Amino acid sequence: MDFGSVKNVGTAVVDSIVKERKEKGDFKSFTDFCERMAGESVNKKCIESLIKSGAFDEFEQTRSTLLASFEAIIDSINDTSRRTMQGQVTMFDLGKTEDEKIENMKYSFKTLKEFEEKELLSMEKEMLGIYISGHPLEKLKKEIEKISTINTYQMLQIKEQSNLKLDGKQVKYIGIITSIKKKYTKKNTLMAFLTVEDLYGTTEIIVFDSCYSNSQNILLEEKIILIEGRLSIREDEPVKIVANNITQFDEKEIEVLFSKGSKKLIINITDLQEEKKSELRGAIKFFSGKKNNIAVNVKNGDQLLPCGAVYMTEEILEEFKKIVGEERIQLQ
């Protein structure tokens with residue numbers, strides 16, 4: 001990784017780090033780095049950025065541990081340096097050699113469990129502008145391919161082939177929002193231009209006011225979204241998508257519906273109390289709407305009867321389990 005590409009790290013810092021490493025060898029640990037770079041142009045903000053970018057991942061501590069500990073460690077080093085320069089000696093120092101003093105210098109790390117992968121990738125994106133150790137969509141690739149009908153690579157091919165016949169084609173595109181630009185229309189309503197990234201690159205999504213008003217709560221940077229819309233193909237512009245509908249591509253929802261290949265929710269109501277049946281009917285009606293993604297069937301004895309559809313997530317599935325009991329719920 002090039003230090004110069006990290007946010008808050010300037011060329012002066014890069015030069016001083018490279019010079020130190022060439023003259024005295026590789027840095028052996030995070031504290032070794034802090035000790036050797038003390039007094040240089042490497043300030044706390046710079047070190048925080050280096051931690052977030054993963055520059056110290058080869059050492060023993062997690063990024064969460066370093067972020068919780070680095071300020072106290074730097075303060076300790078700076079304080080020790082000041083006392084050394086001023087010639088101050090404590091009772092603890094009396095009778096000890098320099099080697100013993102160094103040996104007794106201990107740094108206090110606040111050891112924490114590492115951040116989740118999503119947070120680590122977010123830090124890398126913030127500091128470097130790109131993902132280094134992975135991509136938030138990589139583990140969702142199979143699920144994305146099941147649902148999406150187009151990706152950025154295919155859109156580039158359409159542009160290269162100048163295939164204007166596909167202008168207006170309805171598509172489904174899944175990606176992560178990297179930037180949002182809002183704009184007021186002539187009607188004084190808000191619309192937006194999104195830059196959305198998938199595993200192949202980025203594309204622009206045009207969100208007119210009607211679609212924006214329905215989806216503005218989920219239009220946030222680093223949100224993974226499903227865009228349903230039409231292709232906009234112009235000879236002198238990249239291929240874009242005009243959004244008709246935008247929904248959050250929820251990982252928990254994916255876990256319930258797709259990792260298990262679920263297309264149907266079966267609820268066994270055999271011998272179920274009438275009070276519970278009434279509560280179940282209410283829940284099915286309540287969780288039914290425009291975003292339905294799984295069919296509901298009820299099993300009564302040997303009969304299996306269709307009972308509409310619902311918008312299923314992990315949380316909603318738990319609600320159904322609470323009503324009838326987990327043993328009566330089956331996903332197929």
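Please read all numbers here as calculations on a predicted model, not as lab measurements. We use all heavy atoms of the structure for the numbers below, so side chains are in, but hydrogens, waters and symmetry mates are not.
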Under the salt bridge (charged side-chain N to carboxylate O under 4.0 Å, His left out) rule, what pairs show up with a residue in residues 166-185, not counting sequence neighbours?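 Only D167-R234 qualify under salt bridge (charged side-chain N to carboxylate O under 4.0 Å, His left out).
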Do [X] side-chain atoms and [Y] backbone N/O form a donor-acceptor pair below 3.5 Å?
X: S278; Y: E275; value: no
X: E124; Y: S133; value: yes
X: S122; Y: K118; value: no
X: T149; Y: V171; value: no
X: T189; Y: T185; value: no
X: E114; Y: S64; value: yes
X: S69; Y: L66; value: no
X: N151; Y: Q154; value: yes
X: R63; Y: K52; value: yes

Determine, step by step, whether E20 and M37 satisfy the side chain to side chain contact (heavy atoms under 4.5 Å, CB included) criterion, reporting the C-alpha distance in whole Å, the side-chain angles of both residues, the deciding distance to 0.1 Å, and the verdict. CA-CA 8 Å; E20 174 68 22; M37 298 312 300; 3.8 Å; yes
What about the rings of F30 and F56, do their centers lie closer together than 6.0 Å?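 Yes.
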Side-chain heavy-atom pair [X], [Y] within 4.5 angstrom cut-off:
X: I225; Y: T247; value: no
X: F249; Y: I147; value: yes
X: N244; Y: C211; value: no
X: F109; Y: I73; value: yes
X: I205; Y: T203; value: yes
X: I267; Y: L272; value: no
X: Q248; Y: I224; value: no
X: L194; Y: E204; value: no

If I compare all heavy atoms of [X] with all of [Y], which pair ends up nearest, and what's the gap?
X: T195; Y: T202; result: CG2-CB, 4.0 Å
X: S29; Y: E60; result: CB-OE2, 4.3 Å
X: S210; Y: N214; result: O-ND2, 3.2 Å
X: I233; Y: V239; result: CG1-CG1, 4.1 Å
X: V207; Y: A243; result: CG2-CB, 4.3 Å
X: V6; Y: S49; result: CG1-O, 3.8 Å

What do the steps show when you test K142 against E145 for salt bridge (charged side-chain N to carboxylate O under 4.0 Å, His left out), and what is the final call? CA-CA 5 Å; K142 289 183 180 178; E145 288 175 348; over 6 Å; no
Salt bridge (charged side-chain N to carboxylate O under 4.0 Å, His left out) between K19 and D15: does it pass, once the steps are laid out? CA-CA 6 Å; K19 181 182 177 183; D15 291 342; over 6 Å; no
Parallel, tilted or perpendicular: which fits the ring planes of F33 and F27, with parallel below 30° and perpendicular above 60°?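 If you compare the ring of F33 with that of F27, the planes turn out perpendicular.
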Within a radius of less than 6.0 Å around CD of E116, do more than 12 heavy atoms belonging to other residues, nucleotides or ligands occur?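 Open: at most 12 neighbouring heavy atoms sit under 6.0 Å from CD of E116.
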Counting only heavy atoms not in K45 (residues, nucleotides, ligands), do more than 12 fall under 6.0 Å from its NZ?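 Count not over threshold, so no.
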About how many Å separate [atom2] of [Y] and [atom1] of [X], when rounded to the nearest 0.5 Å?
X: F320; Y: L280; atom1: CZ; atom2: CG; answer: 6.5 Å
X: N163; Y: Q157; atom1: CG; atom2: CD; answer: 11.0 Å
X: M191; Y: D209; atom1: CE; atom2: CG; answer: 7.5 Å
X: I294; Y: N297; atom1: CD1; atom2: CG; answer: 10.0 Å
X: K110; Y: Q61; atom1: NZ; atom2: CD; answer: 15.0 Å
X: N217; Y: I246; atom1: CG; atom2: CD1; answer: 12.0 Å

With K125, which of E222, E197, E221 fulfils salt bridge (Lys or Arg N to Asp or Glu O under 4.0 Å)?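 Between K125 and the candidates, salt bridge (Lys or Arg N to Asp or Glu O under 4.0 Å) is satisfied uniquely by E197.
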State whether a side-chain donor-acceptor pair under 3.5 Å links T152 with Y173.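 Short answer, yes.
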Please determine whether salt bridge (charged side-chain N to carboxylate O under 4.0 Å, His left out) holds for the pair E319 and K322, giving the CA-CA distance in whole Å, both sets of side-chain angles, and the decisive distance to 0.1 Å. CA-CA 5 Å; E319 291 301 317; K322 287 178 185 177; 3.6 Å; yes
Salt-bridge test for K277 and D271: reply yes if a basic N is under 4.0 Å from a carboxylate O, no otherwise.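 Here K277 does not pair with D271 in a salt bridge, since their nearest N and O are not under 4.0 Å apart.
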